[in-house]
Amino acid sequence: MTSSKHLTRSFALLGAAAAALALGSVAIADPADSSAATRAFTLTPSTHGNPEGVAADPRSGAFFVGATGDGTIYRGALGSATVEEFIPGVAGKSAVGLKVARGRLYVAGGTTGAITVYDLASRRQLAAFATGAGGFLNDLAITPGGDVFVTDSFRPTLWHVTAGQVRAGSGTPEAISVAPEIQYVAGQFNLNGIVPLGERSLIAVQSVNGALFRIDLERGGRRIQQIAVDPLVGGDGMLLDRGRLVVVQGSPAQLTFVDLDRGASRGTVVGHLTDATLRGPSTVARDRERFLVVNADFATSTAPFTVSGIARPDGDGDGDDRDDE
């Protein structure tokens, strides 16, 4: 992402009439409005493998992108077209899912099985946790109390690190089985994006079949229910924005908006949003009035890699106007 080129948003939804129908209640800003133009942010240099995770820090106004090749963490801001190296990578590391909370950056390490926590002010590693070999740690959810839940796409397990373990800097993650309620497909990506509903409730998507699940962690056990919704096949990163679930899908490359009922037992797809700059998108974060979508581009791995800053559409979702990610 070495240039300051600003790209104009393009909505390719089978023509204007089809677009209006598909977008439903998601109102789209006028593309002629310069404030609605997509901004492209370029990873500089794009030499550490495909990017995959992104997280925004409302305290500093910065956002962070992780590289899968060696765990390099990049830092960017809406006011700059380049996203530069922030925490150097190391051979054997990988950065897949990212989240920011209370001045800390949480990283899910893919096939390394590692969960790593950094202090953003000092860039120092604060904590590290190992889940062993054979899995793929994909995405994280941080609860209001500071507990960490990490999806494993290859093992039918949800990994739990407590806030106390994070403060201590080490510990053994709790392995919470999601079987038999969630049936994993061998050799495919299963649980992927995850968001917290509260301290002990989560929503996760299963990429291979697009199934959406609510996971409630009760005293002495857990309860898993599939959410009734049209399949979100290829569903990857997610966030909650104004009470509405935003799901990244790679093919076609788009953001899908889902309204959940009060009990999060049923969802309704209310719109889709695409953009000409999207290339194999993997996940999304909200930075003020933009969605930051990582162009992982695993299909072609064309450098330089980019992040698309797409103007956040108006909507009628319930809840307040903060980022619920």
Side-chain angles (χ1 to χ4, degrees), residues 1-16 18-20 22-44 46 50-58 61-66 74-84 98 234 236-239 241-242 244 246-257 270-315 317 321 323 325:
M1 303 185 184
T2 54
S3 72
S4 59
K5 187 176 183 182
H6 291 269
L7 301 177
T8 302
R9 193 181 337 170
S10 171
F11 299 108
L13 292 179
L14 305 179
L23 287 166
S25 62
V26 178
I28 301 303
D30 181 358
D33 180 0
S34 62
S35 66
T38 294
R39 298 178 185 174
F41 304 95
T42 303
L43 274 63
T44 307
S46 290
N50 302 69
E52 187 156 350
V54 63
D57 179 16
F63 65 86
F64 302 89
V65 180
Y74 293 83
R75 179 179 177 178
L78 293 184
S80 173
T82 59
V83 186
E84 300 177 343
L98 300 184
D236 204 323
M238 304 193 300
L239 64 80
D241 182 44
R242 295 176 294 204
R244 173 171 286 166
V246 183
V247 184
V248 176
Q249 291 177 279
S251 182
Q254 63 186 13
L255 303 182
T256 297
F257 298 84
V270 295
H272 304 283
L273 176 61
T274 188
D275 188 272
T277 64
L278 296 181
R279 299 201 316 265
S282 58
T283 194
V284 60
R286 177 188 157 198
D287 194 341
R288 284 171 279 181
E289 294 309 308
R290 289 194 181 269
F291 289 132
L292 299 174
V293 185
V294 175
N295 293 306
D297 190 22
F298 283 106
T300 71
S301 298
T302 301
F305 294 112
T306 62
V307 175
S308 296
I310 303 173
R312 179 167 165 254
D314 294 330
D321 202 42
D323 185 358
E325 185 185 11

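Nearest heavy-atom pair across D287 and A56 is CB-CB, 4.2 Å. Closest of all the heavy-atom pairs between S308 and T277 is OG-OG1, 2.6 Å. Taking every heavy atom of both residues into account, V293 and P281 meet most closely at CG1-CB, 3.5 Å. The shortest non-hydrogen separation linking R312 to R288 is CD-O, 4.0 Å. Of all heavy-atom pairs between S282 and P51, the closest is OG-O, 4.4 Å.
Looking only at distances, no side-chain donor or acceptor of R244 sits under 3.5 Å from a matching main-chain atom of F257. One N or O on the side chain of R279 and one on the backbone of T302 form a donor-acceptor pair closer than 3.5 Å. Checked by atom type and distance alone, the side chain of S46 pairs as donor or acceptor with a backbone atom of F305 at under 3.5 Å.
Atom CG of L278 is separated from atom CD1 of I310 by 4.5 Å, given to the nearest 0.5 angstrom. Taken to the nearest 0.5 Å, the NE2 atom of H272 stands 5.0 Å off from the OG1 atom of T256. Atom OG1 of residue T274 and atom CD of residue Q249 lie 10.5 Å apart, to the nearest 0.5 angstrom.
For the residue pair D275/T38, the side-chain donor-acceptor check at 3.5 Å is satisfied. Between S301 and N50, the side chains place a donor N or O and an acceptor N or O closer than 3.5 Å (distance only, hydrogens not considered).
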| task | Could you check L292 against V284 for side chain to side chain contact (heavy atoms under 4.5 Å, CB included), going step by step and ending with a plain yes or no? | result | CA-CA 5 Å; L292 299 174; V284 60; 5.9 Å; no

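Applying side-chain contact (heavy atoms from CB on, under 4.5 Å) to V65 and the options T283, V307, T306 leaves one that passes, V307.
In this view, F291 satisfies the ring-ring contact (aromatic ring centres under 6.0 Å, His included) rule with no residue, not counting sequence neighbours.
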